[in-house]
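Below is one structure, written out as structure tokens; comments come after it.
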Number of protein chains: 2
Amino acid sequence: MPTHYQGTTEEILALDAFIKLNRSVIAVQGRLLPALQREFGLTESQIAVLEALKHLGPLQQGELCQKILRSGSNVTTVVDNLERDGLVQRSRDESDRRIQVVNLTEKGRELVDRALPVHVGRITDTMAALEPEEQRELGRLCRKLGRAGESK
Amino acid sequence: MPTHYQGTTEEILALDAFIKLNRSVIAVQGRLLPALQREFGLTESQIAVLEALKHLGPLQQGELCQKILRSGSNVTTVVDNLERDGLVQRSRDESDRRIQVVNLTEKGRELVDRALPVHVGRITDTMAALEPEEQRELGRLCRKLGRAGESK
DNA sequence: ATCGAATGTTTCGATGTCGAAATATATGGA
DNA sequence: TCCATATATTTCGACATCGAAACATTCGAT
């Protein structure tokens, strides 16, 4: 699994870490998402929205963008599909009619209450490949990397 | 940026690391991919294919699946678009006509030769948020995590 | 009070992504 | 030789994803 790329030592080190970072996410999600789809009919984005609503209550779509780190147009699509499936409900904010407030339906709440513990259990099992101290260190490094150039 | 999820200590630790891992990839790619698209008109999958062909020579589509970690149907789509843009060329293997061999065109080689150094430079800059020793450790942890349950 | 700028959302067109089914070809055994 | 099975790719339908443009609404300055 070498890098193949001819470059400086610095570039090879960076590229190697970058590739392993990306592959680890693909590998981990590849183990989680098919099960989530099969058992609960949910995609990654869908459970992210449902989880945010469960823990934070009704949210504006713009707030959902922040939470799930996706574009506005994407949130429109994901919420469209959740609404079609009866898991969430949109309502216009009365004091500012530009705003769509998204909330869980009873069906949505029931589903996320069932799915989330199972999903978190699988995440925990997967992450258990690393010792607790390694998980902490991975978290620290990822946080540092993600934060860098955040203000841009 | 806490987890909100109510669970065991083990679950909270795992979920926290998992979330930071995912977010770091989104953040890093969010800095790299718009520039790649703007300057060279390439997506992540497209440059992954071009890079594999540059370093490994002509490949069967099935081999490309392995290299870029995507499904067969996805590789068909990505190669379709690259072929339409004149960057790669397909040819049937004469001894086994099921196989499509994909190769760079001159235009494709010229583009990847131009784009790759710039892209790798940006990756290097981004990863420079971590010290060299931290990059090595991140690589080690991601590799360990990605490898777990690999055989399955 | 009005109008232009700002803000929140949707639409549109393109690409990526998957799994299942369909298609094309090859291979091995009867 | 012929056919069942295996392998490589494509097709299909669904969802995700983005950025730009359109749309709706609010807000501020005049």
Side-chain angles (χ1 to χ4, degrees), chain A residues 22 25-27 29-50 58-85 87-102, chain B residues 22 25-27 29-50 58-85 87-102:
Chain A
N22 279 291
V25 169
I26 292 174
Q29 296 288 24
R31 275 171 245 148
L32 297 172
L33 301 185
L36 188 64
Q37 181 66 240
R38 191 176 351 99
E39 291 174 40
F40 303 104
L42 292 174
T43 66
E44 182 181 11
S45 294
Q46 287 173 345
I47 200 163
V49 167
L50 296 181
L59 293 175
Q60 303 180 8
Q61 285 194 190
E63 294 172 323
L64 275 172
C65 292
Q66 307 301 312
K67 297 299 173 192
I68 73 169
L69 302 179
R70 295 287 181 278
S71 69
S73 57
N74 182 40
V75 168
T76 294
T77 303
V78 173
V79 172
D80 278 350
N81 290 335
L82 289 172
E83 193 172 39
R84 176 206 55 198
D85 297 342
L87 301 173
V88 305
Q89 196 171 12
R90 274 190 257 232
S91 53
R92 288 280 170 192
D93 184 314
E94 275 314 309
S95 68
D96 183 345
R97 301 189 40 72
R98 291 170 303 184
I99 294 172
Q100 291 272 29
V101 179
V102 184
Chain B
N22 280 291
V25 169
I26 293 175
Q29 297 288 25
R31 276 170 242 147
L32 297 172
L33 301 185
L36 188 64
Q37 181 64 242
R38 190 174 352 100
E39 291 174 40
F40 303 105
L42 292 174
T43 67
E44 182 179 12
S45 294
Q46 288 173 343
I47 200 163
V49 168
L50 297 181
L59 293 175
Q60 303 179 9
Q61 286 194 189
E63 294 173 323
L64 275 172
C65 293
Q66 306 302 314
K67 298 298 173 190
I68 74 169
L69 303 179
R70 294 288 182 276
S71 69
S73 57
N74 181 39
V75 168
T76 295
T77 303
V78 173
V79 173
D80 277 351
N81 290 334
L82 288 171
E83 193 173 38
R84 176 205 55 197
D85 297 341
L87 302 173
V88 306
Q89 197 171 11
R90 274 190 257 232
S91 53
R92 287 280 168 193
D93 184 314
E94 275 314 310
S95 69
D96 184 343
R97 301 190 39 71
R98 291 170 300 183
I99 293 172
Q100 292 272 28
V101 178
V102 184

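Just so it is clear: chains get the letters A, B, ... in the order the sequence lines come, proteins before strands, and each one is counted from 1. Small disclaimer: the values here were computed from a predicted structure and weren't measured.
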Given C:dT15, D:dT17, C:dT17, the nucleotide with the shortest approach to the side chain of B:Arg84: C:dT15
Side-chain donor or acceptor of A:Gln61 paired with backbone N/O of A:Val101 under 3.5 Å: no
Side-chain N,O (B:Arg38) to OP1/OP2 (D:dA20) below 4.0 Å: no
Nucleotide nearest B:Asn74 when distance is taken to its side chain, options D:dC18, C:dT25, C:dG16: C:dG16
Options D:dT10, C:dT11, D:dT17, nucleotide nearest the side-chain atoms of A:Arg70: D:dT17
Nearest listed nucleotide, side chain of A:Asp96, among D:dT17, D:dT25, C:dG16: D:dT25
Length of the CD-P vector between A:Gln29 and D:dA16, whole Å: 14 Å
base_contact_polar (D:dG19 base, A:Ser73 side chain, donor-acceptor, <3.5 Å): yes
For atom CD of A:Gln61 and atom C1' of C:dT7, their distance in whole Å: 14 Å
Integer-rounded Å distance: C:dT9 P and A:Arg92 CZ: 8 Å
Test item: A:Gln46 side-chain N/O and A:Thr43 main-chain N/O as donor-acceptor pair under 3.5 Å: yes
Closest listed nucleotide, where the reference is the side chain of B:Ser45 and the choices are D:dT17, D:dT10, C:dG16: C:dG16
Atom pair distance, as rounded to whole Å: CD in A:Gln46 and P in D:dA14: 14 Å
No-H, no-angle donor-acceptor pair, B:Arg98 side chain to D:dT9 base, under 3.5 Å: no
Residue pair A:Leu64, A:Val49: steps toward the side chain to side chain contact (heavy atoms under 4.5 Å, CB included) verdict: CA-CA 7 Å; A:Leu64 275 172; A:Val49 167; 4.2 Å; yes
No-hydrogen, no-angle side-chain donor-acceptor test under 3.5 Å, B:Gln29 and B:Glu44: yes
Whole-Å distance separating the CD1 atom of B:Ile26 from the C1' atom of D:dC18: 14 Å
Sugar-phosphate only, base, or nothing, as touched by B:Thr43 at under 4.0 Å among non-hydrogen atoms: sugar-phosphate
Rounded interatomic separation in angstrom, taking CG from A:Leu59 and C1' from C:dT9: 16 Å
Nearest heavy-atom neighbours spanning A:Arg98 and A:Arg92: O-NH1, 3.0 Å
Separation of atom CG in A:Asp93 from atom C1' in C:dT7, rounded to whole Å: 13 Å
Distance below 4.0 Å between A:Gln100 side-chain N/O and C:dT10 OP1 or OP2: yes
A:Leu50 and A:Val88: CA distance, side-chain angles, deciding distance, side chain to side chain contact (heavy atoms under 4.5 Å, CB included) verdict: CA-CA 8 Å; A:Leu50 296 181; A:Val88 305; 3.8 Å; yes
Nearest-Å distance for atom pair CZ/C1', residues B:Arg90 and D:dT9: 9 Å
Proximity to the side chain of A:Thr77 - top-ranked nucleotide from D:dA16, C:dT10, D:dT10: D:dA16
Listed nucleotide nearest any side-chain atom of B:Val78, set D:dT9, C:dT11, C:dG16: C:dG16
side-chain N/O B:Asn81 vs C:dG16 OP1/OP2, d < 4.0 Å: yes
Residue whose nearest DNA chain C nucleotide is more 5′ - B:Gly72 or A:Val101: A:Val101
